[in-house]
Amino acid sequence: MPVFPSYRFLFFFVIVPLLISITFYRLDTFDPAHHPADSLISSTTSNGPPLINDRFLAGAEFIGVGLLNNPEDIAYHEDSGFIYTGCVDGWVKRVKVAESVNDSVVEDWVNTGGRPLGIAFGLHGEVIVADAYKGLLNISGDGKKTELLTEEADGVRFKLTDAVTVGDNGVLYFTDASYKYSLHQFSFDILEGKPHGRLMSFDLTTKVTRVLLKDLYFANGVSMSPDQTHLVFCETPIRRCSKYYINGGRVELFIQGLPGYPDNIRYDGDGHYWIAMPSGVTTLWKLSMKYPFLRKITAMAAKYGYEPMFMENAGVLQVDLDGNPMAYYHDQALSHITTGVKIGNYLYCGSLLHSHIIRLDLMKYPAVLNKKL
Ligand SMILES: *[C@@H]1O[C@H](CO)[C@@H](O)[C@H](O)[C@H]1NC(C)=O
Ligand SMILES: *[C@@H]1O[C@H](CO)[C@@H](O)[C@H](O)[C@H]1NC(C)=O
């Protein structure tokens, strides 16, 4: 009777678990959607931009080690020479970078009581913060007064205020990545694959918050163009940045098929934007983005504590004003890079993982001709 035990084995260890799994899968209400087809195209930069430095970490220097808890965004205040950054403990910190980076001074500036992400400077010396939990904040230049500017639009409250940029006209342009999931659940937004993000403006003279675009896929970084005619904003899961024309509201593609999942985008005052990507495209990510059932399984596992976001090969892509890739600074062993800001000859990077700012000397460790082209 050798068949009988193996049949029982099959029944108890294969069929029963399978039936249980199917039942759990069916009962789970998490319902991921298909992404738009054009977001699944392989990387337009798969052969890479003309210039590459794929060993970012080899030249990286760490600033404020242990003192900056996940410094997500970075803004450089030219007049004072301070770098402002928002940390996971609610602090907006100021950093004075010294000649020898270990002598840099980190100062606790203002605690928002939330989670400061995007940082930009207003026209009157104030610091504008997109706080993931609080909304859009105005902190006076002396750090003494924090004012909530807006936390909802069209009757829908922000759940993940993410990035902000300031126009020369004083209008603030900002994103809410999701009205459904807050920051500590952001991976579910990405796994669900539905567009819960919005691009908005806040006019301080009228105090009106306007929805410029809704139904965006995890609306993330946003940057005003140097000629003040349009914004460039990033949608993380679909690896795309688009232009939004302020006058008339036309939307145009800026760059798609990015080599990673875009977070913040920053203009450098010198003809280029820098797009930070916390993770490069991996096979697992690619499959998950294509097949909603994989995202559902991942989300179910995530509910039981499994960390769903594998991140590797983070970096920063430099593009010109038309969205053409110029140079790509990345590293297989780097992850969670959320912002890239060029200050002088250095690229300063914020991160959702590290306890310091990372910088790279672009003269000493330049991107070189991409041999794959
Ligand atoms: C800076 O500090 C790190 C450790 O925190 C150390 O490894 C490194 O050698 C220091 N660099 C200099 C130039 O002193
Ligand atoms: C921020 O508040 C200051 C006063 O502390 C005010 O002068 C400034 O206009 C405000 N900025 C915005 C964008 O609301």
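As the structure is a prediction and not an experimental result, all values here were calculated from the model. Start at 1 and go down the list; that is how both ligands and their atoms are numbered. Computed from heavy atoms alone, side chains included, the values below leave out hydrogens, waters and symmetry copies.
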Atom 9 (O) of ligand 2: nearest protein contact (heavy atom, Å):
L204 CD1, 3.3 Å

Give a yes or no on whether a salt bridge exists between E126 and K145, defined as a side-chain N under 4.0 angstrom from a carboxylate O.
no

Side chain to side chain, T85 and D73, heavy atoms closer than 4.5 Å:
no

N/O donor-acceptor pair under 3.5 Å between S279 side chain and M311 backbone
no

Less than 4.0 Å from atom 7 (O) of ligand 1, is there any heavy atom belonging to the protein?
no

State whether D331 and R55 are salt-bridged, where the test is any N-O pair (Lys NZ or Arg NE/NH1/NH2 against Asp/Glu carboxylate O) under 4.0 Å.
no

Looking at H124, which atoms of ligand 2 are within less than 4.0 Å of one of its heavy atoms?
9 (O)

For ligand 2, which atoms sit closer than 4.0 Å to a heavy atom of L149?
14 (O)

Considering only protein heavy atoms, which is closest to atom 4 (C) of ligand 2, and at what distance to one decimal place?
K145 NZ, 4.0 Å

Residue, atom and distance of the protein heavy atom nearest atom 3 (C) of ligand 1 read N102 ND2, 3.6 Å

A student checking ligand 2 against S140 at a 4.0 Å heavy-atom cut-off should list atoms 5 (O)

Ring-plane angle category for H184 and Y133, please: parallel below 30°, perpendicular beyond 60°, tilted otherwise.
parallel

Nearest protein heavy atom to atom 2 (O) of ligand 2, by residue and atom, and its distance?
N138 ND2, 2.3 Å

When you measure from the side chain of H35 to the backbone N and O of M289, does any donor-acceptor pair fall under 3.5 Å?
yes

Checking contacts now, so for atom 13 (C) of ligand 1, which I'm interested in, is there any protein heavy atom under 4.0 Å?
no

Carboxylate-amine/guanidinium contact R157 D176, below 4.0 Å
no

